[in-house]
Number of protein chains: 2
Amino acid sequence: MSSGRKKLFDENTALNAAMDVFWQKGYVGASLTDLTKRMGINKPSMYSAFGNKEALFVKATQCYIDTKMKPLISLLFEEKVTLKQRLKNHMMSIVAMQCDTSDAKGCYLALCQSELVSGDIPEQAEQLLKEADAMPIQVYTELFNSDAEAIKLGLNNNAQANALSLYTILKGTASMARSGIDKSELEYSIDSILVGIGVQ
Amino acid sequence: MSSGRKKLFDENTALNAAMDVFWQKGYVGASLTDLTKRMGINKPSMYSAFGNKEALFVKATQCYIDTKMKPLISLLFEEKVTLKQRLKNHMMSIVAMQCDTSDAKGCYLALCQSELVSGDIPEQAEQLLKEADAMPIQVYTELFNSDAEAIKLGLNNNAQANALSLYTILKGTASMARSGIDKSELEYSIDSILVGIGVQ
DNA sequence: GTCAAACCTTACCGAAAGGTACAATTAATT
DNA sequence: AATTAATTGTACCTTTCGGTAAGGTTTGAC
């Protein structure tokens, strides 16, 4: 079948490196020079392996969704944990990630999302970002509509609106984290919003 | 004293046009071609009038602070209005501005702030943006510490934390507005957070 | 060992970025 | 009217962007 020289770099490792760069600098801010330097490869290698910058971004973002977002979502559906505790686990884990400055990262989606506004992101990437961005609202709505404990609290009556409240907090903390606010200072806000929507 | 040809454009008009462009596209996204086209002048005219792109941005941002932000803040200190109503007026006015898509604008500060992370904004502009960004927290804290009604409600006990909660909402709604969510859907979230921090 | 396929490196392309030199144009001052 | 100082338009500079052409290099298959 195939012959020829073997690839000298691991595609997955390179993709993770690319994800980090996009995470730090956004789509436009991450230049090919930045990307390939951190990926440890040259531009032609990158183009032959991933296609172009947009395709690389799409794959990196998909990687982010699978390895970073989904584990956070699964916290909402753990068994033998109260709804309030699940929500707190979920929110606090997100905040912890948002506030993690170990690699000078901001918030992946928040950073890229603002580029959606200025129209600097190509179509395919835009689609994926919008889907990823809308994911939490759908998940929260589903949670409030299906979870027994949530229904008992009546959260299903305002499922969409309550989902929006959670999401608002999530976006707010992302923005705050980018401003360098400490994780502990955000815990209070999370408690407040949970009280506000009636999660006791 | 001075003689020579008169300026054919109004500096203030041009500055407002520049503010609009930065508002829509952020600092990096707004190219000199975009800017000068909308300002109705040529590049050398812009450079002689404002210095360079950064100086133009600083002046445009200062203009934004004075003409857009400060009127919103003054709503918090109107006389003969209850604290709850003042807060709602303030928040809803902000949300209305954030959701105003008449000129395809996003949120000025939110858009530029993400550029702070990627390090694409020069120093002087960065300083001003950070100051403007921190302004609401200071104002809210001052309100909770000095307003008679707030003190009666005990909001001064957690002044800083409560200020942070309001600010979180503000940032959250900004992000949501950028995603195209309707104004009316955000009203509920605002009520929730006001309940959460104990404003009845 | 030979051939061929896949890789890596270098060097380059056109476009667009921020910024500027220079000369033509204009109007207030004398 | 002549002078002079400021603004204006054109045309250009350097750098960096995303992307690629061409050729040398390494590995597998026969």
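Since we're looking at a predicted model, the values are computed, not measured. The sequence lines fix the lettering, A, B, ..., with proteins before strands; numbering per chain opens at 1. In what follows, every heavy atom counts, from backbone to side chain, and hydrogens, waters and symmetry copies are set aside.
Rounded to a whole Å, the NZ atom of A/Lys25 is 13 Å from the C1' atom of D/dT16. Atom NZ in B/Lys53 sits roughly 8 Å away from atom C1' in C/dG18 (whole-Å rounding). Atom CE of A/Met39 and atom C1' of D/dG18 are 15 Å apart (whole Å). Atom P of nucleotide D/dT16 and atom NZ of A/Lys37 are separated by 11 Å, given to the nearest angstrom. Across the protein-nucleic acid pair, A/Phe57 atom CZ and D/dG18 atom P stand 13 Å apart, rounded to whole Å. Separating the CG atom of A/Leu32 from the C1' atom of C/dA15 is a distance of 14 Å, rounded to the nearest angstrom. The OH atom of A/Tyr27 sits 14 Å away from the P atom of D/dC17 (whole-angstrom rounding). Summarising the geometry, the separation between CE on A/Met46 and P on C/dC7 is reported as 14 Å, rounded to the nearest angstrom.
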Discussion item. A/Asn145 vs A/Asn157, test: side-chain contact (heavy atoms from CB on, under 4.5 Å). Steps then yes/no.
Written reply: CA-CA 8 Å; A/Asn145 274 328; A/Asn157 295 330; over 6 Å; no
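Among the heavy atoms of the strands lying under 4.0 Å from A/Ala30 are primed sugar atoms or P, OP1, OP2 only; no base atom is included.
In summary, A/Lys130 and A/Glu126 engage in a salt bridge, as defined by a charged side-chain N under 4.0 Å from a carboxylate O. In this structure, A/Asp133 pairs ionically with A/Lys171, as a charged nitrogen and a carboxylate oxygen lie closer than 4.0 Å.
In this view, A/Phe57 and A/Phe22, A/Tyr27 satisfy the ring-ring contact (aromatic ring centres under 6.0 Å, His included) rule, not counting sequence neighbours. Every residue meeting the side-chain contact (heavy atoms from CB on, under 4.5 Å) condition with B/Ala161, not counting sequence neighbours, appears here in chain and number order: A/Tyr188, B/Asn158.
Of the N and O atoms on the side chains of A/Ser31 and A/Asp34, at least one donor lies less than 3.5 Å from an acceptor on the other residue.
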Polar atom pairs (N or O), protein with nucleotides 8-10 of chain D, under 3.5 Å:
{"from": "D/dT8", "atom 1": "OP1", "to": "B/Leu8", "atom 2": "N", "distance (Å)": "2.8"}
{"from": "D/dT8", "atom 1": "OP2", "to": "B/Ser45", "atom 2": "OG", "distance (Å)": "3.0"}
{"from": "D/dT8", "atom 1": "O4'", "to": "B/Arg5", "atom 2": "NH1", "distance (Å)": "3.4"}
{"from": "D/dG9", "atom 1": "OP2", "to": "B/Asn42", "atom 2": "OD1", "distance (Å)": "2.0"}

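Between B/Thr33 and C/dA16, a side-chain N or O to OP1/OP2 separation shorter than 4.0 Å is absent.
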